[in-house]
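Here the structure comes first, spelled out in C-alpha cells, and everything after it is commentary.
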Amino acid sequence: MYRTHTCGELRLEHQGIEVTLAGWVQRKRELGGMTFVDLRDRYGITQLVFDEKASAELNDKLKKLGREFVIQATGHVRERSSKNDHLPTGDIEMDVADLKVLSPSAVPPFTIEDESDGGDDIRMKYRYLDLRRNPVRENLVLRSKMAHAIRSYLNDQEFIETETPVLIKSTPEGARDFVVPSRMNEGQFYALPQSPQVFKQLLMVAGFDRYYQIVKCFRDEDLRADRQPEFTQIDCEMAFVEQEDVLNTFEGLTKHLFKAIKNVDVADFPRMSYADAMINYGSDKPDIRFDMLIKDLTDVVKGHQFSVFDDAEFIGAICAEGCADYTRKQLDALTNWVKRPQIGAKGMVYLKCNADGTFKSSVDKFYSEDELQKWASACGAKAGDLILLLSGEKASMLDALGALRLEMGKQLGLMDKNTFKPLWVVDFPLLEWDEETQRHYAMHHPFTAPKPEDIALLDTAPGKVRANAYDLVINGVEIGGGSVRIYDSELQSRMFDLLGFTKEEAQAQFGFLMSAFKYGAPPHAGIAFGFDRLVSLFAGLDSIRDVIAFPKNNAGRDVMIDSPSPIAQNQLDELNLKVVLKEKK
RNA sequence: GGUGGCGUAGUUCAGUUGGUUAGAAUAUCGGCCUGUCACGCCGAGGGUCGCGAGUUCGAGUCUCGUCGUCACCGCCA
C-alpha cells in the first residue's frame, strides 16, 4: 500500500496519527532551518514539513527534490501553528519522518499550476502534464459525471446501450470518410462511421425499441474550435414514436443534466421553425439569449434614388439598443468587419436614433427625417438606439446580419456564459440544392422522412418539402439533431431516386437497409447530441479541445504522439497500397 | 482550397524610424534565511530573434517564400 490517505482528506481530526501520503511535489519552500513541501494529487494538496535537525539522511533526500518528483512520505499529522484558510487541508501538516522518492522528474517545460505560464502549443505537446493541472482535469471530471448522468437517465427510461461496429462501409453521401485498408480483402477498405446511423435503425427493426450509445464518430473534414476529426455522440433511436416523443424525451434528458450537474432549472424549450430562424436570426442555430432580431426593411427603404438600396434584392437591419453614441471610429470598424471576405457585405449603412429624437445616418441626404422615422419604427427602435443595415442578395445578407448580430451581442456583453437558453429548431427542409453538382442533397441524411403533408411536393417542388427533422440549439451552439426516419422501403427507394442514386447504386450502398425494411420495420425516430459540445457548453468553454483528454490540432495532428505518420514499406506491401504524392506547384 | 493573427531565453512576453553588447517577468542553478504557503533577500547561467532568400553600409524590425500554430470562410448528410 503506497498511501493511507489522499492529499485532500486530512483534517484536524486526524492530528496525532501516523499517515503515509504519495503524490507529486508541487512546490518547495526552504526557510533555512525548515522546509515546506506541498504534496499534490488529484484530491488536493497537503503540506509536508521537514526540520533540519531531524536527520542528515532526510536532509540529503530533501535537498534533491524538485518540482513534479513523485514521492512517498510518512509522518504524524499535526496542527499547524499558522493555518492557511485557502486550503481545505490548511489546518494541518505532516511532520515528515520518512521520505522515499518513487520517481524523479526532469524540470517540466511549463508550470503545473491553475494559471500555467505555458501557451497552447507546449501544453498540447506535453498534454499528460497539462492534464495534471486542476482546470484541465476538472473539465474531464465534468465530462465523466455528465456521461454517468446520461447513462443513468437513459437506463431508467429503458434504453438499451448497444455497441455498433467501428469498421464499417464507406458511403458517398455526407462527410468524407476515414478509411481503413483491409489486409484480408485485397484492394478493399472499411470506413470509420460518421455516425452509427444505419445500425441504430437496424436495431429498431430488430425490436430493441430504445437504443443509445455514447460513441466515437469520425469525419474527415477541416477542423474548427468545435470540430474534431473524432468526436463523441450521445446517439439514440426510438421505435413507435413520433417527433414529439423524441423531443420530449431528450428535452427531459437535457433538463435532467442541467439540474443534476449545474443545479440549474431551465424553462420548457421553445420551438422555432427553420424558416423563422433564418429570417429572424440569419442562422439555423439562433442564440436566443438576446433579441436584436433581423428586420426586413426592403419595402421601407426602396424608391428614394439611393441606388445601392434600389438595386438590392433585400435590405435588412438589426437594432443595437443604446448604441447611438457609437463613434465614427467604432462604426468604421464595424463596417470593415462586415466587409471582410468571411462576412461578405459590400458596405454598411447606419442610422443613429439620437437621444434628442433626431436621426443621423450615413445616407441621410437620400432620406428625410420622416423617412428615417419609418426605418426606426419598422425596427422598433427608440431614442438612443443604433440601426445597422446591410443590403444585397437575400440569403447571404441574412447570413451576414446573423453574424453581425452575434458580433454586436458579443460587444454588448449579451452572451453570458452562465445563462442557458435552449430551443428546438424544427421543420428543416428535407433537401438542399447544390449548384456545383446541380442536384439535391439530403439536408440531414437520406433516411429522413418528409412531412406527410409535403409528400405531394416531392415530385413538383422537392426543394420545398419539409422534413420531420429537428435540432437542439443552446446559446447558438448546435448541440444535437435528429429526425423521424423513413421505414417504408418504397418511400426510401423514392428518396434515393430523388438524390440521384440509380437503382443499382442504391442497392449496392443501402440494399441491406431496404431489405430490412421488407421484414416489418417499426416507425422510428432518433437523435444524436454532440457530447463534446455539450460538455464544453456546461464548462463555459469555447473549444471542445478543452474537454477531450487527448485532442488533435487544427490540422488534425496529434502533436503529442506526432500522428498521423508514414507507415513502413512492408505494411504498405501487405495492404497492397502504393503512396503517390501529388507534385506541389 | 481561401482570409487573417501569432512565432524573440525552458516558459510568457516587451523590443521605438532599420542603428552600440536583444531586455523584463517567471522558471532553473548557487548562497543566506525556523512558520512559509505565488515565502523573502543576494547572485549566476540561459538567445541560430521559426527556417530560407532578398532589399540595405547595417535586418529581431522592411519584402518574398516556406514551416509551425490559432481563429474564421469554404467544407462538416
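Just so it is clear, the model here is predicted, and its values are computed rather than measured. Letters A, B, ... are given to chains in the order of the sequence lines, protein chains preceding strands, and every chain is numbered from 1.
Residue-level contact check: Lys63(A) touches the backbone only, with heavy atoms under 4.0 Å from sugar-phosphate atoms and none from bases. As judged by a 4.0 angstrom heavy-atom cut-off over every strand, Val559(A) is placed among residues touching the sugar-phosphate backbone only. Among the heavy atoms of the strands lying under 4.0 Å from Arg224(A) is at least one base atom, whether or not backbone atoms are also near. Nucleic acid contact for Pro446(A): base, since at least one base atom lies under 4.0 Å from a heavy atom of the residue. In this structure, Glu52(A) reaches neither bases nor backbone, as no heavy-atom distance under 4.0 Å exists between it and the strands shown. When heavy atoms are screened at a 4.0 angstrom cut-off, Thr171(A) is found touching no nucleic acid atom at all. Heavy atoms of Lys28(A) sit nowhere under 4.0 angstrom from any nucleic acid atom. If you check every strand for non-hydrogen atoms under 4.0 Å, Arg545(A) touches sugar and phosphate atoms only. Here Arg439(A) lies out of heavy-atom contact (under 4.0 Å) with every strand. Using a 4.0 Å heavy-atom distance criterion, Asp121(A) is classed as a sugar-phosphate-only contact. Using a 4.0 Å heavy-atom distance criterion, Asp220(A) is classed as making no nucleic acid contact. Residue contacts for Phe36(A): at a heavy-atom cut-off of 4.0 Å it reaches a base atom on one of the strands shown. Base contact: Lys53(A) has a heavy atom under 4.0 Å from a base atom.
Summarising the base pairing, U56(B) is matched to no nucleotide, lacking a Watson-Crick or G-U wobble pair whose two defining distances lie under 3.5 Å. Remark: A24(B) base-pairs with U12(B); criterion is Watson-Crick or G-U wobble with both hydrogen-bond distances under 3.5 Å.
A53(B) and U61(B) have their P atoms separated by 14 Å, with the value rounded to a whole Å. As rounded to the nearest Å, A22(B) and G46(B) have C1' atoms that lie 14 Å from one another. Taking the P atoms as reference points, U3(B) lies 27 Å from U55(B), given to the whole Å. The separation of G19(B) from U12(B), taken at their P atoms, amounts to 26 Å, rounded to a whole angstrom. To the nearest whole angstrom, the two C1' atoms, one in C29(B) and one in G45(B), are 7 Å apart. Annotation: U36(B) and G50(B) have their C1' atoms spaced 42 Å apart (nearest Å). Comparing the same atom, P, in G52(B) and in G60(B) gives a spacing of 13 Å after rounding to whole Å.
C33(B) atom P lies 19 Å from atom CZ of Phe50(A), rounded to whole Å. Atom C1' of nucleotide G40(B) and atom CD of Glu30(A) are separated by 13 Å, given to the nearest angstrom. Protein atom CG of Asn554(A) is 13 Å distant from nucleotide atom C1' of C73(B), rounded to whole Å. As a whole-Å value, the separation of Asp222(A) CG from C73(B) P is 12 Å. If you measure from atom CG of Asp51(A) to atom C1' of G35(B), you get 11 Å, rounded to the nearest angstrom. One atom, CZ of Arg29(A), and another, C1' of A38(B), lie 9 Å apart when rounded to the nearest Å. The separation between Ile45(A) atom CD1 and U36(B) atom C1' is 14 Å, rounded to whole Å. In this structure, Met34(A) places its CE atom 18 Å from P of C32(B), rounding to the nearest Å.
In this pair, Phe510(A) and Phe501(A) present their aromatic rings tilted. The plane angle is within the 30 to 60° band.
Ring to ring, Phe218(A) and Phe231(A) are not that close: their centroids are 6.0 angstrom or more apart.
For C75(B), the base has a donor-acceptor partner in the side chain of Arg227(A) [N/O atoms by modelled type, under 3.5 angstrom]. No hydrogens or angles were tested; on distance alone, a donor-acceptor pair under 3.5 Å links the side chain of Arg78(A) to the base of G35(B). Side-chain atoms of Gln47(A) come within donor-acceptor range of the base of U36(B), with a qualifying N/O pair under 3.5 Å. The base of C76(B) does not come close enough to the side chain of Glu221(A) for any donor and acceptor atom to sit less than 3.5 Å apart. A donor N or O paired with an acceptor N or O is found under 3.5 Å between the base of G35(B) and the side-chain atoms of Glu93(A). Counting atom types as modelled, Arg80(A) pairs a side-chain N or O with a base atom of U36(B) as donor and acceptor under 3.5 Å.
Comparing G35(B), A27(B), G2(B) against the side chain of Leu31(A) picks out G35(B) as the nearest. Which of G35(B), U28(B), G2(B) sits closest to the side chain of Ser81(A) comes down to G35(B).
Projected onto RNA chain B by closest heavy-atom contact, Val107(A) and Asn84(A) fall at different nucleotides, the more 5' of which corresponds to Val107(A). Between Asp434(A) and Ser543(A), it is Ser543(A) whose nearest contact on RNA chain B lies nearer the 5' terminus.
Under the 6.0 Å distance and 45° angle rule, Arg439(A) counts as a cation-pi partner of Tyr441(A).
Pairing each heavy atom of Glu79(A) with each of Lys83(A), the nearest pair is OE2-NZ, 2.7 Å. Nearest heavy-atom pair, Arg42(A) versus Arg137(A), reported as atom, atom and distance to 0.1 Å: O-NH2, 3.3 Å.
Around the CD atom of Glu57(A), the shell of radius 6.0 Å holds no more than 12 heavy atoms that belong to other residues, nucleotides or ligands. The environment of CZ in Phe199(A) is crowded: more than 12 heavy-atom neighbours from other residues, nucleotides or ligands sit within 6.0 Å.
A salt bridge links Asp120(A) with Arg123(A); the closest basic N to acidic carboxylate O contact falls under 4.0 Å.
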